Amino acid sequence: NAGVTQTPKFRVLKTGQSMTLLCAQDMNHEYMYWYRQDPGMGLRLIHYSVGEGTTAKGEVPDGYNVSRLKKQNFLLGLESAAPSQTSVYFCASSYRRGTGELFFGEGSRLTVL
Amino acid sequence: QQQVKQSPQSLIVQKGGISIINCAYENTAFDYFPWYQQFPGKGPALLIAIRPDVSEKKEGRFTISFNKSAKQFSLHIMDSQPGDSATYFCAASKGNRDDKIIFGKGTRLHILP
């Protein structure tokens, strides 16, 4: 019972490099989310998706892009990484709009040098 | 603009004591208030949630108290145990009228053995 799986778990980038974080869920959830967690800042919503082929901006979308080509996958991309994007990224999925329990992955720790 | 304000940032409680974490919100459109618990190296997990039509919800040692007029809600952990040591996040959403769940900044709770 995998739930929500994030890859990679750790990554170190140099400023200006690009990368993609992959989130996969096996619960057939419609809703998927990307959050970033920083010390003292809590969880901030980057982008989210309400279904296959849809994406929407959250609180802190700048510098990130997302795609939801398949229902089970939600990709978070950084086109030109900056040190300010050093963070722990969490993917979550939910079966219901707004009031559904969020099921989180274990996080991806990204360091941008 | 922080929509959910959480306090304290950190909390130390003796084993067997009561841990209290407070949250306040501004948007009266919020009508679903979950609490998430996060252990080190793991993603957050839903602990307990409340809607504003009730003033209190209890699940085991965990209780949410809700004050709609004051736009405040709090988490009480009775008989706190070392295993409760974790980071706790309050959150809010507009229920099924919105896709987003907004989190507070978190409280790091440490229970002394």
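Everything numeric in this text was worked out from a predicted model, so none of it was measured. A, B, ... follow the sequence lines: proteins, then strands. Residue 1 opens every chain.
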Hphob cluster co-occupancy, [X] + [Y], side-chain heavy atoms under 4.5 angstrom:
X       : Y       : answer
B/Leu47 : B/Val54 : yes
B/Leu75 : B/Tyr25 : yes
B/Ile50 : B/Phe62 : yes
A/Tyr64 : A/Leu13 : yes

**OP:** Sort out for me which of A/Gly107, A/Gly40, A/Pro39, A/Gly105 touches chain B most, counting heavy-atom pairs under 4.5 Å.
**Re:** A/Gly40
Quick check on [X] against chain B: is it the side chain, the backbone, both or neither that has a heavy atom closer than 4.5 Å?
X       : answer
A/Leu45 : side chain
A/Gln6  : neither
A/Tyr33 : side chain

Subject >> Heavy-atom pair of closest approach, residues A/Leu102 and B/Tyr36 >> reply: N-OH, 2.8 Å
Counting only heavy atoms from other residues, nucleotides and ligands, does the tally under 6.0 Å from [atom1] of [X] exceed 12?
X        : atom1 : value
B/Gln81  : CD    : yes
B/Glu59  : CD    : yes
B/Arg108 : CZ    : no

Rounded to the nearest 0.5 Å, how far apart are [atom1] of [X] and [atom2] of [Y]?
X       : Y        : atom1 : atom2 : answer
B/Gln38 : A/Gln37  : CD    : CD    : 4.0 Å
A/Tyr35 : B/Phe89  : OH    : CZ    : 11.0 Å
B/Lys42 : A/Phe104 : NZ    : CZ    : 15.0 Å

**OP:** Just do the side-chain contact (heavy atoms from CB on, under 4.5 Å) check on B/Ile101 and A/Tyr48 with the steps written out, would you?
**Re:** CA-CA 10 Å; B/Ile101 296 177; A/Tyr48 63 101; over 6 Å; no
Original post:
Side chain, backbone, both or neither: which part of B/Pro44 has a heavy atom under 4.5 Å from chain A?
Top reply: both
